[in-house]
Amino acid sequence: MALTLKLDAIEDLPRTPASDVKKLGWRGVMKAIGRKGKVVVTNHNEPEAVILSAEEYGAIIRALHEAESKNESALDDLRHRFDERLASLQSADAGDRLRALMTGPAKLRGKVKAGASH
């Protein structure tokens, strides 16, 4: 199951000044987080911290693990293809096949290929 995680830009998150955090206390902060799942605490209107609900944090961690798993899978596929190609170079007739390829005519399929100087 693919997780879709929508991460908002810090500018788009709900904000609360640090002074409100001091005035309202932890319960006030948790009420704001309960409504939106996250809140930016600002000091002089500059972001200082982002407080996330446990649910939001868990969703981020799950999405990161899923992305890491996909990357590992892609890397494993790449390793497998590389190992197959390397194995073909290590076969007994690899040298003969390479010499035949290099001494034979180039297959241009009807197209002339020339560098910038030609």
Side-chain angles (χ1 to χ4, degrees):
M1 172 177 86
L3 292 174
T4 55
L5 179 65
K6 183 183 178 298
L7 296 175
D8 300 314
I10 199 164
E11 299 83 26
D12 298 333
L13 296 176
R15 297 171 164 263
T16 189
S19 58
D20 283 359
V21 173
K22 292 174 191 172
K23 278 189 268 183
L24 300 174
W26 188 245
R27 282 187 182 205
V29 172
M30 292 311 295
K31 282 182 184 179
I33 292 171
R35 288 190 297 272
K36 302 288 185 174
K38 52 200 158 228
V39 68
V40 176
V41 180
T42 61
N43 188 16
H44 299 289
N45 209 27
E46 290 296 318
E48 280 203 336
V50 177
I51 302 174
L52 304 171
S53 68
E55 184 180 327
E56 286 281 331
Y57 179 79
I60 291 170
I61 295 301
R62 285 188 300 277
L64 288 173
H65 285 301
E66 184 176 305
E68 183 180 10
S69 177
K70 285 180 184 178
N71 285 343
E72 284 298 318
S73 177
L75 188 56
D76 287 342
D77 290 344
L78 186 60
R79 279 188 194 114
H80 179 70
R81 289 196 328 248
F82 177 79
D83 289 343
E84 285 177 345
R85 289 180 180 180
L86 184 60
S88 73
L89 291 175
Q90 294 174 340
S91 66
D93 67 334
D96 294 335
R97 286 186 294 133
L98 182 58
R99 277 188 283 286
L101 181 66
M102 297 303 284
T103 58
K107 295 179 183 177
L108 300 176
R109 297 184 183 126
K111 298 177 183 177
V112 176
K113 296 181 182 180
S117 64
H118 293 95

Next item on the list: Could you walk me through whether Asn43 and Glu46 pass side-chain contact (heavy atoms from CB on, under 4.5 Å), step by step?
Entry: CA-CA 5 Å; Asn43 188 16; Glu46 290 296 318; 5.8 Å; no
Note to self: Can you list everything that forms a side-chain contact (heavy atoms from CB on, under 4.5 Å) with Ala67? Sequence neighbours excluded, please.
What the structure shows: none
Item checked: For Val21, the rest of its hydrophobic cluster, which grows through side-chain links under 4.5 angstrom -> Trp26, Val29, Met30, Ile33, Val39, Val41, Ile51
Item checked: Results of side-chain contact (heavy atoms from CB on, under 4.5 Å) for Arg99 - residues two or more places apart only -> Asp96
Next item on the list: Could you list the residues that satisfy side-chain contact (heavy atoms from CB on, under 4.5 Å) with Asn71, not counting sequence neighbours?
Entry: none
Notebook entry, point to check: Heavy atoms, side chains only, cut-off 4.5 Å: are His80 and Asp83 in contact?
Noted result: no
Checklist line | 4.5 Å side-chain heavy-atom contact, Asp8 and Lys38 | finding: yes
Check: Could you give the distance from CG (Leu98) to OG1 (Thr103), rounded to the nearest 0.5 Å?
Finding: 9.5 Å
Notebook entry, point to check: Atom OG1 in Thr42, atom CD1 in Ile10: separation rounded to 0.5 Å?
Noted result: 10.0 Å
Note to self: Side-chain heavy atoms under 4.5 Å apart, restricted to Ile/Leu/Val/Met/Phe/Trp/Tyr: what other residues fall into the cluster of Leu86, or is it alone?
What the structure shows: Phe82
Item checked: Ion pair Glu66/Arg62, N-O distance below 4.0 Å -> no
Note to self: Are more than 12 heavy atoms, taken from residues, nucleotides or ligands other than Glu48, located less than 6.0 Å from that residue's CD atom?
What the structure shows: yes
Notebook entry, point to check: If you look at every heavy atom in Ser88 and Ala94, which pair is closest and at what distance?
Noted result: O-CB, 3.7 Å
Checklist line | Val40 to Pro47 - nearest heavy-atom pair and separation | finding: CG1-CB, 3.8 Å
Margin query: Please enumerate all residues that pass side-chain contact (heavy atoms from CB on, under 4.5 Å) together with Ala87, with sequence neighbours excluded.
Written below: none
Checklist line | CA sep, side-chain torsions, deciding dist, call: Leu24, Thr16, side-chain contact (heavy atoms from CB on, under 4.5 Å) | finding: CA-CA 11 Å; Leu24 300 174; Thr16 189; 5.6 Å; no
Next item on the list: Check whether any side-chain heavy atom of Ile61 sits under 4.5 Å from a side-chain heavy atom of His65, and report yes or no.
Entry: yes
Next item on the list: Give, for atom CZ of Arg79 and atom CG of Asp77, the distance between the pair rounded to the nearest 0.5 Å.
Entry: 10.5 Å
Checklist line | Side chain proximity check, Asn45 to Arg15, heavy atoms < 4.5 angstrom | finding: yes
Next item on the list: Would you check if there is a donor-acceptor pair between the side chains of Ser91 and Arg97 at a distance under 3.5 Å?
Entry: yes
